[in-house]
Visitor: 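First the structure, then my questions, so here it is.
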Amino acid sequence: MSALAELVPHALEKMRANEALSTRRTASGGPNVYEVRAILATGVDSRVCNWETRECDCGKWQDEHFPCADAFAVDPPRQRRLAGRDQAA
C-alpha cells in the first residue's frame, strides 16, 4: 500500500476523532481568533485558537498540520452564519 493510500484513512480517522473531542469544548471570540475552553478530566483548560494563522495554544495544529479538536470546536463558517455575517453559506 502506498504512503498516500495510508495517509487518507489516517487523516479521516484524525478528523473524526477531533470532531468528537470538539463536543467537549466551547468557543467565543472571532472572527479569526477564539478562546476555546476544553473540559478535561483534570478540569477546564483555556486555549487560544487562531484560524488565520492556523495555530492553537495546544500546539497540535502546528505539529500535525491538521486542525486540532480546539479548531473543530470553533468552526468559523458556522460562527459567521450564527452571527448573520455569512448569508451565502
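Here, residue 1 is the first one in the sequence, and each next residue gets the next number.
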Visitor: Can you check whether Cys56's main-chain N or O pairs, donor with acceptor, with Gln62's side chain at less than 3.5 Å?
Guide: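 Present.
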Visitor: Which pairs of donor and acceptor atoms, one on a side chain in residues 39-49, lie under 3.5 Å apart (sequence neighbours left out)?
Guide:
| from | atom 1 | to | atom 2 | distance (Å) |
| --- | --- | --- | --- | --- |
| Asp45 | OD2 | Arg47 | NE | 3.2 |
| Asp45 | OD2 | Arg47 | NH2 | 3.2 |
| Ser46 | OG | Glu35 | OE2 | 2.5 |
| Arg47 | NH1 | Asp70 | OD1 | 3.1 |
| Arg47 | NH1 | Asp70 | OD2 | 3.1 |

Visitor: List the atom of Trp61, the atom of Asn50, and the distance in Å for their closest heavy-atom pair.
Guide: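 Closest pair (atom of Trp61, atom of Asn50, distance): CZ3-O, 3.8 Å.
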Visitor: Going from NZ on Lys14 to CZ on Phe72, what distance comes out if it is rounded to the nearest 0.5 angstrom?
Guide: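 Going from the NZ atom of Lys14 to the CZ atom of Phe72 covers 10.5 Å.
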Visitor: What is the minimum heavy-atom distance between Ala73 and Ala27, and which atoms define it?
Guide: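 Smallest heavy-atom distance, with atoms named: O-CB, 4.1 Å.
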Visitor: Are Val74 and Val36 packed together at the side-chain level, in the sense that at least one heavy-atom pair is separated by less than 4.5 angstrom?
Guide: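 Side-chain contact under 4.5 Å: yes.
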